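Values in this document were obtained by computation on a predicted structure and should not be read as measured data. Start at 1 and go down the list; that is how both ligands and their atoms are numbered.
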Amino acid sequence: MAAKDFLSLADFNRQELNALIDRAIAGKKEWKSGGGGTCMTRKAMGLIFHKPSLRTRVSFEVAARQLGGSAIYLTDKEIGIGSREPVGDVGEVLSRYLDIIMIRTFDHKIAEDLAAHATVPVINGLTDLLHPCQVVADLQTIVEHREAIEGKVVAFFGDGNNMALSWINAAATLPFELRIAVPPGFEPDENFVKAALGRGGKVLVTHDAREAATGADVLYTDVWASMGQEDEKVERARQMAPYQVNGELAGLARPDYLFLHCLPAHRGEEVTADVIDGPHAAVFDEAENRLHAQKAIMEMLLD
Ligand code: CP
Ligand code: NVA
């Protein structure tokens with residue numbers, strides 16, 4: 001039984017995650033051949049943003065429309081969660097108008113509190129802790145390009161951030177090996193790693209980028225300073241430089257490696273242009289798949 005909300009991949013079992021990936025792939029084909037789902041007919045979606053976005057905003061707005069409904073973009077100027085109005089009241093009120101809500105915010109607890117008070121499904125469109133929609137799109141991209149995730153080695157480089165933690169949640173549930181290479185002091189929360197290992201997941205955290213890259217099927221990186229960490233940009237760049245995904249590091253991966261990045265990317269920082277603009281990169285398919293993955297998530301929650 002799927003959860004009411006989509007806040008963390010940890011709330012979903014292997015069968016549910018596989019069903020989401022399969023539905024995202026099938027829904028993409030249906031849409032491109034003139035068909036597609038209608039689960040948003042007579043329904044409205046709210047999109048709450050406390051941080052900037054290109055992909056998440058546009059893909060959710062388009063998803064709501066392609067599924068037959070509408071979407072409303074809301075920033076904190078309108079709502080003032082926690083200042084103008086308590087988050088619980090916001091959840092109660094929005095549930096009287098909307099059929100589904102997405103929130104992108106800083107503190108993960110705000111998304112959890114909103115979901116606890118909302119009677120309609122709430123989707124995490126990125127918090128400081130997790131970015132689960134992105135990983136569903138990433139998994140879809142790997143399956144589309146390399147047939148399966150089973151048995152693959154995914155290597156993540158740079159910061160043990162919201163993307164790294166979402167990947168750890170995926171590795172707790174799905175049968176692939178995850179290696180995370182980060183500088184000392186930037187390791188992902190060890191409770192996530194312990195939980196994944198406890199569920200039989202294969203997760204390695206290392207300070208050695210070469211160890212992570214060797215023989216990997218997928219190389220993945222993300223910005224070194226996430227939204228809200230802009231003041232730390234210079235110091236982070238100094239510490240994370242050895243974890244840059246460049247031609248030399250990629251040379252250690254499998255010859256048919258796939259390069260993924262959630263975007264936005266900073267060429268010359270976490271990845272070099274020859275890799276992200278090279279023949280192994282699938283970053284724009286990955287960005288496109290946000291739309292199809294999120295349509296599958298919305299269908300699952302509204303079912
Ligand atoms: N990858 C991603 O979530 O992009 P945006 O921040 O542009 O939404
Ligand atoms: N870690 C990044 C992901 C952006 C999609 C951030 O939180 O800014």
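At least one heavy atom of Leu263 sits closer than 4.0 Å to an atom of ligand 1.
Inter-residue side-chain proximity for Glu269 and Met240 is flagged as unmet; no heavy-atom pair is nearer than 4.5 Å. Contact check for Pro121 versus Met300: no side-chain heavy atoms found under the 4.5 Å cut-off.
In terms of protein heavy-atom proximity, atom 8 (O) of ligand 2 is nearest to Met227 N, 2.8 Å. Ranking the protein heavy atoms by distance from atom 7 (O) of ligand 2 puts Asn162 ND2, 2.9 Å first.
Of all the atoms in ligand 1, the ones that sit under 4.0 Å from a non-hydrogen atom of Leu54 are 5 (P), 7 (O), 8 (O).
Glu299 has no carboxylate O lying under 4.0 Å from a charged side-chain N of Lys295, or vice versa, which leaves the two without a salt bridge.
Closest heavy-atom approach to atom 3 (O) of ligand 1 among the candidates Arg55, Glu286, His131: His131. Of the candidates Cys133, Cys262, Pro264, it is Cys262 that places a heavy atom closest to atom 1 (N) of ligand 1. Counting only non-hydrogen atoms, the option in Asn161, Leu263, Thr56, Leu54 that gets closest to atom 5 (C) of ligand 2 is Leu263. Taking each of Lys51, Arg290, Arg104 in turn, the one with a heavy atom nearest to atom 6 (O) of ligand 1 proves to be Arg104.
Listed for the Gln244 side chain is a donor-acceptor partner under 3.5 Å among the backbone atoms of Gly268.
Considering backbone and side-chain atoms together, Arg104 places no N or O closer than 3.5 Å to any N or O of ligand 2. Residue Ser226 has at least one nitrogen or oxygen atom sitting less than 3.5 Å from a nitrogen or oxygen atom of ligand 2, judged on distance alone.
Under the 30°/60° scheme for interplanar angles, the aromatic rings of Tyr73 and Phe49 are found to be tilted.
In the model, Glu270 has no side-chain atom that pairs as donor or acceptor with a side-chain atom of Thr221 under 3.5 Å. Looking at Thr206 and Asp208, their side chains never bring a donor and an acceptor atom within 3.5 Å of each other.
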Checklist entry - Could you walk me through whether Asp222 and Asp159 pass the side chain to side chain contact (heavy atoms under 4.5 Å, CB included) check? => result CA-CA 8 Å; Asp222 182 16; Asp159 184 18; over 6 Å; no
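Only side-chain heavy atoms of Leu126 come within less than 4.0 Å of ligand 2; its backbone N, CA, C and O stay farther off.
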